[in-house]
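A, B, ... follow the sequence lines: proteins, then strands. Residue 1 opens every chain.
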Amino acid sequence: MGLFDVDEEAQQGQGAGGLFGGGLAAAAGAASVVVKPLPGTSLALIPAPYQPHSEDELSDQERADLEACKAGVDNLRNAFWIAGKSFETMSVAKLHREENPNYAAWVWDTWEVSESQLYRLIDEWRVGEALANLGHKPPESHVRAMTELRRQTNDKVAITVYDTIARCSPRVTGELVEKVVGDLGFLPKDAKPADVGRRVRELLEAPEKKSDADEKNDGVPDISSLGDDSPNGESSQKPSNSKADPLATKDIERLQNTLASLQEAAKKVNKSAARRAVEAQPDIAVPLIQEIGSLLQQIDRAVAIRLPKAE
Amino acid sequence: MLNPSAAQPIEPPEGSTVVGTGKGGVGKSTVAAHLAGESAAAGERTLLICVTGQDDDDLGIKRFNRGIHPEGPSVIDGEGLYSAIHDRTPLRPIREVRPNLDVMPGGPKVGEIDGLLMLRTLQEGAGVVMSLAQALAPIAALYDRIIFDSAPEKDSLEQLVLAAAKYLIVPTRSDDSSVRGMERISKNFKLVKTQVNPHLQMAGAFLYGSNRAATLMHAAVYEDIRTALGEGTPILETIVGYREVPARNARKKGLLFGEYADLLPTTATTYDVKAGRATSADVVPDTIVPLAKEMRELNQEIFDHTRRRA
């Protein structure tokens with residue numbers, strides 16, 4: 001008998017070590033291993049408002065509170081799929097049967113959710129949950145933009161499409177999702193997620209490849225700092241010969257484009273204009289200002305890296 | 001994630017493969033990283049989970065800050081793996097370490113999982129061996145292939161990994177202690193298979209990091225391995241030769257062998273180094289080419305074996 005051949009009878013209780021050392025019967029206790037709710041999904045985990053403890057760096061407790069509150073706000077993005085999952089579970093298990101056997105009527109009476117909205121949420125929750133588990137925060141509109149794609153194929157293809165967009169683009173917008181889905185065109189029912197993912201990458205990377213090709217024609221030979229840069233395109237800790245490395249070149253281009261856009265944007269807005277806009281039409285101006293602030297913070301976070309000391 | 005019915009058995013994901021060994025230092029982490037890299041390069045969505053206290057960073061995640069790190073606390077140095085098990089939450093891998101390749105990095109914090117699980121075992125029973133499988137389940141469906149790098153440090157960690165996977169492959173060196181070391185992992189394999197994961201299969205063993213010209217010795221080693229493993233376990237044919245310099249250089253740059261070999265056309269020469277136009281680190285040794293080729297062949301053979309077992 002070979003080392004890896006299993007003799008079930010002989011195996012019982014023989015050489016039990018590690019996690020099985022406490023007795024093999026305990027293995028049946030898998031039921032007790034439950035998955036804990038994510039932070040912020042329980043109201044008890046979100047602190048009540050309090051005055052700042054200081055003006056200095058956040059304490060560990062404040063950091064924990066910040067994470068809990070951020071996760072709490074993320075619920076805005078999670079609500080649609082949590083509701084959809086709940087609706088489906090209640091419907092399939094007929095948990096409503098004591099209160100009203102007519103499910104759609106019961107949902108309307110209880111939450112004023114229409115039948116069409118009810119089934120849309122049920123239809124969307126699996127994709128929403130899967131994307132949330134992968135660390136994405138798609139609003140319902142993004143998932144809805146993939147409805148036709150999901151009908152043609154399946155949820156996994158839709159998840160792959162969204163995830164690939166998020167990997168290749170700094171920010172996922174509803175417009176971008178719609179564009180990619182549109183550019184993908186009709187997909188067969190049995191389309192493989194890996195193939196679709198590849199196609200999405202091609203669609204998103206096409207313009208950059210062109211600029212890489214232009215860059216390669218500069219005729220500058222490369223012999224230094226081979227491989228110091230990531231194959232994924234992030235900069236290494238040491239500067240390398242950027243002209244010869246197409247990926248580093250791409251990064252420099254990204255930074256230059258960002259700087260140019262920010263310089264252009266800085267010319268267009270000032271405090272008085274913002275104040276006037278808020279006074280005149282707060283319902284339009286306030287969300288715009290908040291979005292601008294949020295994007296600037298996002299950029300700020302993106303460039304908040306340790307820089308090499310000046311020589 | 002809000003799943004009160006966790007008692008349901010978890011079938012390990014298709015294509016989930018553990019690279020495990022009887023003893024350390026036989027090339028397990030290198031093989032795991034290359035398997036994952038090869039799979040991702042072929043367009044398959046791949047997740048590499050390193051359940052190892054010592055992370056060699058073959059993919060340059062830490063040194064070159066590669067990949068898109070998840071929001072919130074750091075997942076480097078095994079912190080992410082530990083917190084997922086501790087908090088009973090889904091795994092939060094670093095995405096796009098390479099196109100299509102996500103990674104849960106190992107590191108010192110992984111060592112603390114053992115103590116945590118032991119404590120929980122006292123309270124909850126040996127069902128805690130499913131902890132990794134449960135943390136993986138919410139995200140597993142997205143991946144076409146999941147590779148586990150499993151260190152032989154602790155039985156509990158090895159069992160945790162084996163409970164979450166479908167296939168086991170075992171690299172070994174030619175020395176007696178490596179071959180005999182397979183006995184240790186085989187105990188955990190059989191224990192997990194009979195108790196919690198009947199889907200687990202032995203996909204094969206293979207000789208790693210040996211001089212390819214030593215055919216007579218290989219024949220003798222294969223005989224030893226066959227005697228130990230019996231007829232039921234496949235033994236893979238490909239042998240990746242021992243080539244220290246290119247392997248070390250590639251790892252230092254956080255590159256897989258194939259990626260490092262791609263740099264060969266732009267290598268500096270010793271003449272460039274003498275002339276001060278480049279450093280010795282810019283010289284790519286020619287031996288990276290056969291090393292990359294052999295590793296690719298080994299990866300393909302492993303994929304073929306796991307496919308056949310499916």
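Taken from CG in A:Asp155 to CG in B:Leu142, the straight-line distance is 12.0 Å, to the nearest 0.5 Å. To the nearest 0.5 Å, atoms CZ (A:Arg198) and CZ (B:Arg45) are separated by 10.5 Å. With rounding to the nearest 0.5 angstrom, the CG atom of A:Leu134 is 11.0 Å from the CG atom of B:Leu91. The structure places CD1 of B:Ile139 at 12.5 Å from CG of A:Leu131, a figure rounded to the nearest 0.5 Å. Within the model, atoms CD of B:Glu183 and CZ of A:Phe4 stand 10.0 Å from one another, a figure rounded to the nearest 0.5 Å.
Side-chain contact between B:Asp144 and A:Lys156: present, with at least one pair of heavy atoms (C-beta onward) separated by less than 4.5 Å.
Between A:Ala194 and B:Gly43, the closest heavy-atom pair is CB-O, 3.3 Å. Shown here for A:Arg201 and B:Pro99, the closest heavy-atom pair between the two residues is NH1-CB, 3.7 Å. For A:Arg167 against B:Ile68, the heavy-atom pair with the smallest separation is O-CD1, 3.9 Å.
Residues that satisfy the salt bridge (Lys or Arg N to Asp or Glu O under 4.0 Å) test with B:Asp57, not counting sequence neighbours, are B:Arg63.
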Residues B:Glu71, A:Glu67; criterion side-chain contact (heavy atoms from CB on, under 4.5 Å); working and verdict: CA-CA 10 Å; B:Glu71 283 183 20; A:Glu67 289 307 317; over 6 Å; no
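Note on B:Glu44 versus A:Lys192: no salt bridge recorded, every NZ/NE/NH1/NH2 to OD/OE distance being 4.0 Å or above.
Of all the listed residues (B:Leu101, B:Asp102, B:Asp155), the one sharing the greatest number of non-hydrogen pairs under 4.5 Å with chain A is B:Asp102. With respect to chain B, the highest number of heavy-atom pairs below 4.5 Å among A:Lys137, A:Arg63, A:Lys70 belongs to A:Lys137.
Interface residue B:Ala141: only backbone heavy atoms are found under 4.5 Å from chain A. Proximity to chain A (any heavy atom under 4.5 Å) is shown, for B:Met182, by both the backbone and the side chain. Neither the backbone nor the side chain of B:Asp114 comes within contact range of chain A, judged by heavy atoms closer than 4.5 Å. The part of B:Ala42 that comes within reach of chain A is its backbone (N, CA, C, O), which places non-hydrogen atoms under 4.5 angstrom from that chain.
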